[in-house]
Amino acid sequence: DVQLQASGGGLVQAGGSLRLSCAASGFRFEDYAIGWFRQAPGKEREGVSCIRTSDGSTYYDDSVKGRFTISSDNAKGTVYLQMNKLDVEDAAVYYCAADPLSCWYRGGHFHRAFGFWGRGTLVTVSS
């Protein structure tokens, strides 16, 4: 079974940094795109970033470009999301997700939900 375990959330002041981790198992890591999504209270879930683990291609939502960096350690089956210059608007539950086909990225945004999801990790940003 595909399993995705997100961790690393917490409380941080605006302007600070956090690094999220997504540990994946149950599938061939290099065959999937791994992404991060987030959902804030009262808002729709939105895609944040994605990496194609087969070739390292990365994609970012326009709202996080220049602040967030996604990376993967294929040997460990883990994807990371380094989040810098956090803003209160970044506060949300962050989920990692996997898809065997694509990052579903177009025009600066992610336009389709991924096929497999893990539990989220809460990021709180204080002003």
Side-chain angles (χ1 to χ4, degrees):
D1 291 349
V2 173
Q3 294 193 14
L4 301 161
Q5 181 63 54
S7 61
L11 172 64
V12 63
Q13 284 190 326
S17 299
L18 278 176
R19 188 177 82 154
L20 306 183
S21 299
C22 174
S25 61
F27 59 96
R28 189 170 182 272
F29 192 72
E30 292 80 2
D31 288 345
Y32 282 68
I34 310 291
W36 288 96
F37 290 72
R38 66 187 181 187
Q39 188 166 22
K43 294 186 178 180
E44 292 188 357
R45 184 178 59 195
E46 62 178 356
V48 175
S49 184
C50 178
I51 185 166
R52 290 196 323 198
T53 55
S54 59
D55 63 7
S57 297
T58 58
Y59 306 89
Y60 299 93
D61 185 84
D62 284 346
S63 65
V64 305
K65 280 180 182 176
R67 300 188 298 124
F68 290 12
T69 303
I70 192 170
S71 61
S72 70
D73 184 333
N74 288 17
K76 294 183 177 180
T78 302
V79 169
Y80 304 97
L81 185 68
Q82 178 66 43
M83 306 186 295
N84 298 329
K85 299 180 181 179
L86 283 162
D87 185 84
V88 293
E89 297 295 319
D90 296 315
V93 177
Y94 282 71
Y95 300 88
C96 65
D99 196 280
L101 297 178
S102 172
C103 280
W104 304 109
Y105 181 84
R106 184 176 64 235
H109 304 289
F110 298 90
H111 63 93
R112 179 171 166 173
F114 284 22
F116 301 92
W117 295 83
R119 290 189 171 186
T121 185
L122 178 64
V123 173
T124 303
V125 183
S126 63
S127 58

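Numbers here simply count residues along the sequence, with the first being 1.
- Between the CZ atom of F116 and the CD atom of Q3 there is a distance of 12.0 Å, given to the nearest 0.5 Å.
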Mind listing the side-chain donor-acceptor pairs of residues 12-21 below 3.5 Å, one per line with the distance, residues two or more places apart or on another chain?
residue: S17; atom: OG; partner: N84; partner atom: OD1; Å: 2.9

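- When every heavy atom of A33 is checked against every heavy atom of S102, the shortest pair comes out as CB-O, 3.7 Å.
- Nearest heavy-atom pair, S72 versus V79, reported as atom, atom and distance to 0.1 Å: CB-CG2, 3.9 Å.
- Taking both residues in full, the closest heavy atoms of A24 and L4 are given as CB-CD2, 3.7 Å, listed atom of the first, atom of the second, then distance.
- Distance check, rounded to the nearest 0.5 Å: CZ of R45 to OH of Y95 gives 8.0 Å.
- Hydrophobic clustering (side-chain heavy atoms under 4.5 Å, transitive across Ile, Leu, Val, Met, Phe, Trp, Tyr) keeps Y105 apart from Y32.
- For the pair Y80 (side chain) and T69 (backbone), a donor-acceptor distance under 3.5 Å is absent.
- Remark: aromatic rings of F37 and W117 are close, center separation under 6.0 Å.
- Note: I51 CD1 to Y59 OH = 10.0 Å, rounded to the nearest 0.5 Å.
- Taking every heavy atom of both residues into account, A98 and F114 meet most closely at O-CB, 3.5 Å.
- D90 has a carboxylate O that lies under 4.0 Å from a charged side-chain N of R67, or vice versa, which qualifies the two as a salt bridge.
- Other residues, nucleotides and ligands place no more than 12 heavy atoms under 6.0 Å from the CD atom of Q5.
- Of the inter-residue distances, the one linking L81 atom CG with C50 atom SG reads 11.5 Å to the nearest 0.5 angstrom.
- Side-chain atoms of T53 come within 3.5 Å of backbone N or O of F29 as a donor-acceptor pair.
- Under a cut-off of 6.0 angstrom, the local environment of NZ in K76 is sparse, with at most 12 non-hydrogen atoms contributed by other residues, nucleotides or ligands.
- When hydrophobic clusters are built by joining Ile, Leu, Val, Met, Phe, Trp and Tyr residues whose side-chain heavy atoms come closer than 4.5 Å, directly or via intermediates, W104 is not grouped with I34.
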Could you give me the CA-CA distance, side-chain angles and deciding distance for R38 and V64, then say whether side-chain contact (heavy atoms from CB on, under 4.5 Å) is met? CA-CA 12 Å; R38 66 187 181 187; V64 305; 4.1 Å; yes
For the pair R112 and D99, evaluate salt bridge (Lys or Arg N to Asp or Glu O under 4.0 Å) and give the outcome as yes or no after the intermediate values. CA-CA 10 Å; R112 179 171 166 173; D99 196 280; 5.7 Å; no
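- When every heavy atom of W36 is checked against every heavy atom of C22, the shortest pair comes out as CZ2-CB, 3.5 Å.
- For the pair F110 and C103, the tightest heavy-atom approach, listed with the atom from each and the gap, is CD2-O, 3.2 Å.
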